[in-house]
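Numbered from 1 within each chain, the chains take letters A, B, ... in sequence-line order.
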Amino acid sequence: MTTVAIEPASVAQPKLALVSRALRRIGFLPALLIVLIVLLVLFEPRFMGMFNIFNVARNSSALLIVASGQMLVLVVGGFDLSVGAVIALTSVVTAKVMAVMLEGAPEDVTLAIIAGVAAGMGCGFVTGLINGACVAFLRISPFMVTLGTSSIATGVALLLTNGIPVYGMPDAFVKDFGRAIWFGLPMPVYVSLSILVLVWIMQRRTTVGRYIHAIGGNVQAAMVSGVNTNFYLILAYTLCGMLASLTSLLLTARLGSGQATMSGNLMLESIAAGVIAGVSLRGGVGRVEMVALSALFLSILTNAMNLLKVNSKIQTIFMGIIVVAAVALDELAKRRSRSAREG
Amino acid sequence: MFPAPAPSRGGGRFTEAVNSMNEHDGNLLELTGISKRFPGVLALDNVDFDLRHGEVHVLFGENGAGKSTLINVIAGTFGPDSGRFLYQGREIRKLTPHQARVMGISPVFQEFSLVPEMTVDENLFLGRERSRFTFLNKRAMRAKAREVIAELGFNLDPTRKVGSLSRAHQQMVEIAKALLTDVRLLILDEPTASLTEAETIKLFALIDRLRAQGVGIIYVSHRMGEIKQIADRISVLRDGRKIATVRSDEISETELVELMAGRKIEVLFPHVDHRPAEDLLEVRNLTLASGSVKDVTFHARAGEITGIAGLVGCGKSELIRAVFGLDPVESGTVLLYGKETSSFKPTAMLRAGVCYFPSDRVAEGLALARPVRENVSMAALDLPEFAKGQVIRRKEEKKTIQDIVDRLKLRPPQIEPAVGRLSGGNRQKVVLGRGLAREIRVFLFDEPTVGIDVGAKLEVYELMKLLLEMGAAIVLVSSELPEVLHLSNRLYVMHHARMVAELTGQDINEQAVLACFFREDAPNAGSDEVPAERAVASAA
């Protein structure tokens with residue numbers, strides 16, 4: 001889809017036209033990504049270092065998984081502000097369950113891991129379910145519901161730990177899984193790529209994807225067409241919650257401790273990734289492959305700022321500016337050419 | 001991750017539909033004693049209704065008479081509070097929209113049940129996708145969509161996004177969607193409101209075909225002409241009650257209107273005295289950035305109604321929207337009271353005494369949740385009568401608005417209820433009230449009577465008459481031909497973004513206007529009937 005074929009006829013055209021034409025073919029985001037990478041490779045030797053590449057790969061994998069969940073919720077016309085809190089809660093619960101299980105039966109490592117992972121995923125599942133149910137049945141605005149559950153989940157996570165990191169997870173989970181390198185790449189890369197493929201298939205090839213898009217486009221139409229809108233709304237939020245939990249498991253396994261302050265900026269970044277990828281905040285529009293590119297873009301951008309030693313507080317400000325600018329650009333482009341958009 | 005698929009129905013061709021005529025000799029649908037109460041209103045009061053196989057049964061009534069409630073009950077949008085619902089001889093309880101569709105009840109509502117971000121074929125199959133193990137069979141669906149669209153004779157590309165289509169084309173998608181599966185009962189809610197003549201003819205041919213196949217059709221319309229043309233029976237509703245069900249060939253138009261209104265209405269169009277005076281508005285060679293209006297010149301004088309007729313999509317609405325500053329202008333000049341204006345902005349236009357009344361009152365005209373008072377004074381709050389600095393003078397506002405509401409004969413004549421609780425005709429009056437709240441001399445009406453009932457129409461016309469007497473200039477843009485024919489002193493005709501004729505006096509008649517619409521297709525037709533027409537577009 002992003003191949004550039006320059007036909008002989010277009011070579012004769014002026015350079016500027018050629019550039020804008022190529023840009024339209026590839027899309028703005030991939031072009032920006034390429035420019036960013038080229039600049040970094042040329043001017044920042046540390047960027048291509050093995051350690052740095054792994055770091056970027058890990059960060060973008062985590063962001064991709066949260067952001068694809070966030071995208072599903074954005075596509076049904078919602079919002080999930082609770083993903084950050086879910087990540088924190090999952091981290092704490094997983095670590096705590098594993099530690100407690102191991103204390104009781106030190107030899108049952110497998111059981112402890114399974115129980116910990118199940119409990120962690122359960123956090124996302126339950127939060128997502130509550131979010132979805134409140135939006136679907138009670139018709140509360142997604143913004144308020146997820147803001148509320150976010151506060152609740154953060155509170156529970158802090159209550160469980162008093163803000164102190166939870167240690168005591170088995171090595172099999174931390175060293176053999178969390179910090180594993182498979183075929184020369186960090187493990188999370190494979191997990192995130194699998195999620196990408198699964199979500200892509202769901203979006204493009206299944207009725208589930210179609211219904212989720214239809215609900216975001218026009219709830220009334222979906223309902224009249226016999227779509228069980230409440231079910232798919234709840235499904236979208238639940239999947240989002242579970243994907244957030246999955247992200248948390250990867251991060252927790254890598255860190256080796258459960259932390260209530262784990263999520264950092266991931267909630268805002270997941271929404272930013274969606275918006276930069278062209279996911280409509282009004283619902284109905286969004287493609288996971290674009291979200292993947294945009295997650296990669298944001299991770300590399302953050303990495304570049306780190307390499308250039310930009311103050312982390314300034315980075316937070318910068319992230320906010322990017323989000324607002326992305327939404328504004330999207331809005332302007334839409335106004336300029338309503339019909340020129342391709343599907 | 002993926003739940004089990006809903007059992008997908010292989011939708012047969014609609015032409016294969018319904019051979020159940022002989023299965024049930026009784027009625028297709030029989031409703032007895034249906035009542036439905038909404039907060040504050042009894043929308044349906046003990047209504048009986050029946051539909052036979054192969055008949056077109058028209059529902060006729062004023063806005064708020066209960067027509068939409070009734071078709072929504074039949075389509076399963078909501079259930080009745082009481083009453084019996086028999087469909088194909090079986091009693092139906094707790095009907096959902098999905099069940100209704102599965103049973104062959106296909107509604108085509110005015111509010112489209114389409115997803116703008118999705119393509120035509122995706123919309124057609126929404127909720128009944130062809131799939132194996134939740135995996136979509138896109139090719140089969142696209143082929144089927146093409147087949148159905150071709151069969152309907154619509155000019156639609158199944159790969160286009162619905163949001164990029166015109167209203168008329170969206171209407172076609174909606175109709176195609178309703179006919180995709182076995183349809184036994186088709187509900188059409190004012191389907192011709194956004195269709196052109198040619199498309200309407202196609203739709204009526206389709207209705208005839210479906211009727212011949214035994215499909216029962218419930219048809220809601222305000223347009224007398226088409227009702228007489230296609231109806232077998234007509235049921236008249238008023239205030240939630242059914243007044244009568246009559247055979248279409250046994251009733252005259254006048255009788256029908258009287259049944260609907262519950263009072264005698266002698267004339268549909270009042271006699272208007274035009275006293276043309278000076279030019280208030282003059283538009284020269286106006287071209288819009290969107291290309292929907294090209295090189296248009298016209299003028300409107302005080303004391304007369306200047307009509308602009310044209311088919312849907314000819315650019316007539318865009319023309320007056322641009323004059324008011326809502327659509328971007330590319331070139332051309334607009335003169336107000338003989339002076340050239342350069343600022344095409346609604347604020348400046350209102351200050352200059354020009355007001356535009358949108359056709360889509362809900363989307364563009366009104367804040368439904370706010371009271372009548374605020375809606376009427378909304379465009380006049382910058383006047384010293386209404387506000388001192390930024391502080392609103394509530395007492396004066398109330399007094400002035402109450403006065404206006406009384407003059408408009410708003411029902412109920414109260415200024416505090418939210419506009420959302422009023423009927424279509426009364427909402428239109430609220431919009432019109434804005435023109436009375438400040439000194440307006442040029443009134444730009446965009447389809448002022450679309451979707452409102454005969455009684456309210458008459459009141460709108462009376463208001464126009466009143467405005468004329470006060471020395472206003474009225475520009476009336478309407479797709480309803482009788483309206484512009486009867487009310488205009490001078491009638492412009494637009495076709496394909498251009499002004500093609502200006503008709504006056506005796507030349508204002510249906511043949512002349514229609515000749516302008518179709519002249520391009522048949523260059524020789526109609527040239528004799530319109531000797532006095534003047535090509536305005538070419539005059540610089």
Return the minimal non-hydrogen interatomic distance between [X] and [Y], and the atom names on each side.
X        : Y        : result
A:Val227 : B:Gly127 : CG2-CA, 4.1 Å
B:Glu117 : A:Val285 : CG-CG2, 3.3 Å
A:Tyr211 : B:Arg128 : OH-N, 4.1 Å
B:Leu126 : A:Ala214 : CD1-CB, 3.5 Å

Is a donor on one side and an acceptor on the other found under 3.5 Å between the side chain of B:Lys177 and the backbone of A:Ser225?
no

With a 4.5 Å heavy-atom cut-off, do A:Asn218 and B:Pro116 have their side chains touching?
yes

A:Gln203 meets the side chain to side chain donor-acceptor pair (under 3.5 Å) criterion, sequence neighbours left out, with A:His213

Return the set of residues passing side chain to side chain donor-acceptor pair (under 3.5 Å) with A:Ser141 (not counting sequence neighbours), or none when no residue passes.
none

Is B:Asn155 atom CG crowded by more than 12 heavy atoms from other residues, nucleotides or ligands, each under 6.0 Å away?
no

Just verifying a value: how many Å separate A:Arg205 CZ and B:Asn137 CG, rounded to the nearest 0.5 Å?
10.5 Å

Counting only non-hydrogen atoms closer than 4.5 Å, does A:Met223 touch chain B with its backbone (N, CA, C, O), its side chain (CB onward), both, or neither?
backbone

